[in-house]
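Reading through the structure tokens given below for one structure.
Atom set for the values below is all heavy atoms of this structure, side chains included, hydrogens, waters and symmetry mates excluded. None of the values given here were measured: they were computed from a predicted structure. All ligand and atom numbering here is 1-based and tracks the order in the structure.
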Amino acid sequence: MTHAIELRDLHKYFGRNQVLTGIDMTVDPGQVVCVIGPSGSGKSTLLRCVNLLERPTKGKVFVEGAEVTDPDVDIDAVRRRIGMVFQQFNLFPHMTALENVMIAQRRVLKRGRKEAEIVARENLEKVGVGDKCDALPGQLSGGQQQRVAIARALAMNPDLMLFDEPTSALDPELVGDVLTVMRKLAEEGMTMLVVTHEMGFAREVADRVVFMDGGVVVEDGVPAQVIGDPRQERTRLFLHRVL
Ligand code: ADP
Ligand code: MG
């Protein structure tokens, strides 16, 4: 079977600072893989290497079997298959929720206004903010804004989704709504690579949990093992701090 994502011996330097050291990782179609680890361990950089927002210094990235680190690859075509959700929602402040979900469909996929609007409404409905189509981001809670951002990504019909700490900027009472949407996506079979500090989500939803520290994968296994019964001392120490 072709992996949805495969990272092979990935290295990344920023100047002389080595941030990723020989990362090997796979995500299979329909799987949810959660990446956990301390701040600065390279989690965001790893995620950004998947769609080449960062270019790896060495090593290969494959998406659905195609090597995206091949210099001849059409990276825009690859990125179109990958949805990304960030900690900061990055919505356009002067556009309504509906317009925010329509714009990339129009510009990138060249969908007509009618179709883009139908798809936008469907996806806003799906993430539970169907009644907020005409609201500006500033009129929405953080949790609602993040759900609009998820709808925006879904409207592009991605094959896989990358989430970089999607709930870390939210007030605690708003985290649950966003996790509920992500859980639903997972149940529908979306392939997801999720950087998160939400251990409950990782434990219940992830097929695998990857613990990173210092730019390396320290542990990679099922949640019950990595979170429930970690083999490595470094994993234990980290979990002790966050649980
Ligand atoms: P995490 O997401 O696990 O907190 P990051 O991937 O954001 O970790 O960062 C890992 C390391 O890489 C940090 O030391 C950070 O300062 C450094 N880093 C990240 N992005 C850049 C960048 N664009 N330029 C220089 N250094 C960076
Ligand atoms: Mg990060």
Any side-chain heavy atom of [X] within less than 4.5 Å of one from [Y]?
{"X": "M182", "Y": "F163", "answer": "yes"}
{"X": "L20", "Y": "L7", "answer": "no"}
{"X": "V217", "Y": "D24", "answer": "no"}

Sidechain N-carboxylate O distance under 4.0 Å for E117, R121
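Salt bridge present between E117 and R121.
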Approximate separation, where rounding is to 0.5 Å, of [X] [atom1] and [Y] [atom2]:
{"X": "M95", "Y": "M102", "atom1": "CE", "atom2": "CE", "answer": "10.0 Å"}
{"X": "N17", "Y": "T45", "atom1": "CG", "atom2": "OG1", "answer": "9.0 Å"}
{"X": "I5", "Y": "M192", "atom1": "CD1", "atom2": "CE", "answer": "11.5 Å"}
{"X": "M84", "Y": "L47", "atom1": "CE", "atom2": "CG", "answer": "4.5 Å"}

Is there any N or O on F14 that sits under 3.5 Å from an N or O of ligand 1?
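Among all N and O atoms of F14, none is under 3.5 Å from an N or O of ligand 1.
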Do any N/O atoms on G42 end up under 3.5 angstrom from N/O atoms on ligand 1?
yes
Would you say the side-chain atoms of R106 pair up with the backbone N or O of R111, donor to acceptor, closer than 3.5 Å?
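A pair under 3.5 Å: yes.
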Indicate the atoms forming the closest heavy-atom contact of R236 with P230, along with that distance.
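Closest heavy-atom pair between R236 and P230: NH2-O, 2.8 Å.
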Between K12 and I23, does a side chain to side chain contact (heavy atoms under 4.5 Å, CB included) hold up when you go through it step by step?
CA-CA 10 Å; K12 177 66 183 177; I23 303 280; over 6 Å; no
Look at ligand 1 and say whether P38 reaches it with a heavy atom at a distance under 4.0 Å.
yes
Less than 4.0 Å is my threshold; does some heavy atom of G37 fall inside it relative to ligand 1?
no
Distance from [atom] to nearest protein heavy atom, with residue and atom:
{"atom": "atom 12 (O) of ligand 1", "answer": "V19 CG2, 3.1 Å"}
{"atom": "atom 7 (O) of ligand 1", "answer": "S44 CB, 3.7 Å"}
{"atom": "atom 4 (O) of ligand 1", "answer": "G40 N, 2.7 Å"}

Any protein heavy atom nearer than 4.0 Å to atom 15 (C) of ligand 1
no
Using heavy-atom distances only, which candidate in T45, L20, I36 approaches atom 9 (O) of ligand 1 most closely?
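Closest candidate by heavy-atom distance is T45.
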Under 4.0 Å to a heavy atom of N17 - the qualifying atoms of ligand 1, by number
14 (O)
Distance criterion under 2.8 Å: protein N/O/S atoms around the Mg ion (ligand 2):
1
